[in-house]
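As the structure is a computational prediction, the values presented were derived from the model and not from experiment. Note on naming: letters A, B, ... go to the chains in the order of the sequence lines (proteins, then strands), and numbering restarts at 1 for each one.
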There are 2 protein chains.
Amino acid sequence: MPARPPRRDDPVRQRSLRDHNLALVLRQVTSAPRPPSRADIAAATGLTRATVSTIVDELIAGGLVAELRPVSRSGVGRPGTGIVPAGTGPAGLGMEVNVDYLAVCAVDLAGAVRHRELRHLDQRERTPAQTWRALAGLADRTAAAVGALGLVPAGAVMAVPGLIEGGTIRVAPNLGWQGVALPAAADFPALHGLDLGAGNEATLAALGERHATGLDSFLYVSGEIGVGGGIVLDGELFGGSHGWAGEIGHVTIDPQGPPCHCGARGCLEQYAGEEAIRAAAGLSADGDRPVLAGLADGARAGRAPVLAALDRAGTALGVALSGAVNLLDIATVVLGGHYAELIDWLRPALERELSRRVLTAAWSPVEVRPSALGADAAMIGAARAVIQGILDDPARFLATRTP
Amino acid sequence: MPARPPRRDDPVRQRSLRDHNLALVLRQVTSAPRPPSRADIAAATGLTRATVSTIVDELIAGGLVAELRPVSRSGVGRPGTGIVPAGTGPAGLGMEVNVDYLAVCAVDLAGAVRHRELRHLDQRERTPAQTWRALAGLADRTAAAVGALGLVPAGAVMAVPGLIEGGTIRVAPNLGWQGVALPAAADFPALHGLDLGAGNEATLAALGERHATGLDSFLYVSGEIGVGGGIVLDGELFGGSHGWAGEIGHVTIDPQGPPCHCGARGCLEQYAGEEAIRAAAGLSADGDRPVLAGLADGARAGRAPVLAALDRAGTALGVALSGAVNLLDIATVVLGGHYAELIDWLRPALERELSRRVLTAAWSPVEVRPSALGADAAMIGAARAVIQGILDDPARFLATRTP
DNA sequence: TCTTGTTTGTTCAGCCATTGAACTTATAGG
DNA sequence: CCTATAAGTTCAATGGCTGAACAAACAAGA
């Protein structure tokens, strides 16, 4: 999705040395709590002030960072000039295809969302081609808005609730899609000449959370119609052999449990998926009222069947997550999607199972926290993936800019 | 355990450039199928012949590689001189503390086991201090034998069947140890001045398998008295936040299953641990005859209770591994410990569950294979960890060599 | 107001690792 | 014996980092 990062088996020349340090400095600028001066960057990275100066100059020339104009600092000595991510630099476009809506947003180098477009549309009633057309419209408007802000779109990534392999969507159960080819950048007028990537919705949401929270390693679990997940290790998304990692929704809770549409029995989704919770809570399936609102209201009102259903879901989540934590030794779990709103009623059962089943819970308890981005996580994460590609290898971006 | 590899956030100077290429060339030499010439290395790495020459010279001077004397090649042109890992270079010492034996081995740069020592001793009847003393004796003899071969011990790693944190063994259930301090290098006369590390047995076994098989990403599961595991991703051991990753033995198979000594219910170990299989097979617990042999013989003889017990264990393994594969998207599972010998009877149930429960099994089936190293995996993996430290950062090794 | 001390940012010579091209060495084949 | 080919070495050039000196900007005190 983002272009290949520099690998361990690559030879290192002088140039790659500069490339690495460019990335190092840029990362420092985008991740520092306050705009650092060149001297701050030098201290933080271990490079000399001289080197940092030349690197910052290169980044400024490339439009990736900018100097802060007025400078006032506490303490004696010449005050430093703060360096900030360029407000008018590249923008990452994040696009989301979901069951009942399409959305596009633009994120700048600092990670701020600068624009968003949303359109309610039920994909189940439409062909993929129709979806792409509608999405292209949103992308057009986003690109225009972003251009008006002085930003330049630098690429796009699309979040899809399904399994992606190569250039096709293998299967997206909730959209009813199978073997659908991903659109080419050419299908999106706003993106001519740019890279267009795609990734799993929950996986990209995890990436979004990673940057919103600053957490380094965590497990992200998202409850929607399905149950998806993403794994972040050492600050990087873990994709697995094919990019399919994180599919926690089909971890077995009870081998003899209820049959799942995936063909197995007792999958987590059958206990903690939206449909399963709704049925267990005794809420009706049809009606315009969203299931989530019904559950949250019912829980707040203290309705026993709703509380019992959420306890059951929390227990199942706890069993699945305990296994994942035992396997991965990860200290934090982030609950996203609908789970974020239901966390207060899921948490007791979930934490009970975690403390009981995680082998090392006694010495190092697992923290459970709600998503920081809520429903936007996937879209923002997709946009972040583009930005991440630039942060990881600014030299490549600069090369395409000024040939 | 192995010293810190160069990190993404480190500044890169001229020197680190050389360091990286030193590692690149050394890796090429140790992993090539046949001794490569300088020109081969240049072609494989992308460096120029000139650079490779100076780097190889540095490695030869440091005693890490050597030139092959006689040189004959097919084809015209000046024949190249093959470069091989030094047969008289550093050796990694791998030590294993197990319930009923202690073992030490030495592995050279090429990954070959050059010496081994084994002593049957039941740790449950002994204090940790007694164990360290006995182990130090084996280490002494190994170091002496290795010295006679012209090798120089470069460090040691100890494999322990338990959870390790910082300098202590948090808990090693099967040894009956809790909060036992790891020995210092000073307690091992043979290791004066060397690094002495420690790691989990199954985790290190996974590392051993990684190098024995060349597999890049896989899940290693070891069946002993407990059930342990290790995760290898992209050629590197994945440790998790505290180095405790891989504890698949306590993944839940059935939330209402039999109680486990860990305090939870229905852990994999209660279905696929040695004791659980034995009980299900109706074999007697005591007697000098090892449980494993009884199971294998019974299975070969077609005894129904034994076959049923192994089927049950295989099913449970399949459920646990399916969850792990769904989560991690890993294409290969390696069965080690006792499982390696029982694989023929575990496999049918195991693969049935995998194909049923792994979401992507239809497109990309999971391969299940037996361990290549068998019972020695942990010890060899521990020794390999030392070698790996040198391969990952030969410059540091060279610096300690010639100050 | 002027001086002193402190910190930031720049300049420049020196160093170091890689490159690329020329050169030497070693072999096969005619 | 000569030619073609490939391996390995030598060396000037290049690019990037360092360290030290220096200029710039500010606070504090006299």
Side-chain angles (χ1 to χ4, degrees), chain A residues 10-25 28-29 34-61 65-83 394-395 398-399, chain B residues 6 10-25 28-29 32 34-61 65-83 394-395 398-399:
Chain A
D10 289 337
V12 171
R13 332 174 178 294
Q14 311 283 96
R15 181 67 225 177
S16 19
L17 194 156
R18 165 55 63 96
D19 292 353
H20 178 106
N21 287 338
L22 268 171
L24 187 65
V25 168
Q28 194 61 228
V29 172
R34 76 190 64 251
S37 67
R38 291 170 173 79
D40 293 337
I41 297 172
T45 59
L47 297 166
T48 61
R49 293 204 309 269
T51 306
V52 171
S53 269
T54 62
I55 290 179
V56 166
D57 287 350
E58 199 168 331
L59 291 174
I60 289 178
V65 306
E67 279 184 320
L68 233 43
R69 278 273 128 241
V71 204
S72 73
R73 298 239 321 196
S74 57
V76 307
R78 171 178 170 176
T81 51
I83 308 293
L398 295 176
Chain B
D10 289 338
V12 172
R13 330 176 178 294
Q14 314 283 99
R15 180 68 225 177
S16 18
L17 194 155
R18 167 56 61 95
D19 294 352
H20 178 105
N21 287 338
L22 225 41
L24 186 65
V25 169
Q28 195 60 228
V29 172
R34 75 190 65 250
S37 67
R38 291 171 174 81
D40 293 337
I41 297 172
T45 59
L47 296 167
T48 61
R49 293 205 309 269
T51 306
V52 170
S53 268
T54 62
I55 289 179
V56 166
D57 287 349
E58 199 169 330
L59 291 174
I60 289 178
V65 306
E67 280 184 320
L68 233 41
R69 279 272 129 241
V71 203
S72 73
R73 299 240 320 197
S74 59
V76 308
R78 170 176 171 178
T81 51
I83 308 293
L398 295 177

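Axis deviation across the helix from C:dT1-D:dA30 to C:dG30-D:dC1 amounts to 10°, comparing end segments of five pairs, rounded to 10 degrees.
Following rounding to the nearest Å, A:H20 (NE2) and C:dA17 (C1') show an atom-to-atom distance of 17 Å. To the nearest angstrom, P of D:dG16 lies 14 Å from CG of A:L59. Rounded to whole Å, the distance from CG on A:D19 to P on D:dG15 is 14 Å. If you measure from atom CZ of B:R18 to atom C1' of C:dT18, you get 9 Å, rounded to the nearest angstrom. Between the CD atom of A:E58 and the P atom of C:dG9 there is a distance of 18 Å, rounded to whole Å. Protein atom CD1 of A:I41 is 16 Å distant from nucleotide atom C1' of C:dT7, rounded to whole Å.
Between A:T81 and C:dT8 there is no side-chain N or O to OP1 or OP2 distance below 4.0 Å. For B:N21 and C:dA17, the shortest distance from a side-chain N or O to OP1 or OP2 is not below 4.0 Å. Using a 4.0 Å cut-off, some side-chain N or O of A:S37 falls inside it from OP1 or OP2 of C:dG9. For the OP1/OP2 pair of C:dT19 and a distance below 4.0 Å, the side-chain nitrogens and oxygens of B:T48 include at least one atom meeting the criterion. Regarding contacts with the backbone of D:dG16, a side-chain N or O of A:R15 is found under 4.0 angstrom from either OP1 or OP2. In terms of phosphate contacts, B:T54 brings no side-chain nitrogen or oxygen within less than 4.0 Å of OP1 or OP2 of D:dT9.
Nearest to the side chain of B:A39, among C:dG9, D:dG8, C:dT18, sits D:dG8. When the nucleotides D:dG8, D:dC17, C:dT18 are ranked by their closest atom to the side chain of B:S53, D:dG8 comes out on top. Minimum atom distance to the side chain of B:R38 is reached by D:dT9, of the listed D:dT9, C:dG29, D:dG19. Nearest nucleotide to the B:P79 side chain, out of C:dT18, D:dC17, C:dT27: C:dT27. Listed nucleotides C:dA17, C:dG20, C:dT11 differ in distance to B:L17; the shortest reach to its side chain belongs to C:dA17.
Applying the 3.5 Å distance criterion, the base of D:dG15 shares a donor-acceptor pair with the side chain of A:Q14.
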Protein-nucleotides 22-24 of chain C N/O pairs under 3.5 Å:
none

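Between the CD1 atom in A:I41 and the CD1 atom in A:I55 there is a gap of 9.5 Å [rounded to 0.5 Å]. Taken from CD1 in A:I83 to CD1 in A:I60, the straight-line distance is 5.0 Å, to the nearest 0.5 Å.
Residues satisfying the salt bridge (charged side-chain N to carboxylate O under 4.0 Å, His left out) test with B:R13, not counting sequence neighbours, are none.
Judged by distance alone, with hydrogens and angles left aside, the side-chain atoms of B:D57 form no donor-acceptor pair with the main-chain N or O of B:T54 at under 3.5 Å.
Nearer the 5' end of DNA chain D, as judged by each residue's closest nucleotide, is the contact made by A:T51, out of A:T51 and A:G77.
At a cut-off of 3.5 Å, with distance as the only test, no side-chain donor of B:S16 or B:D19 sits close to an acceptor on the other residue.
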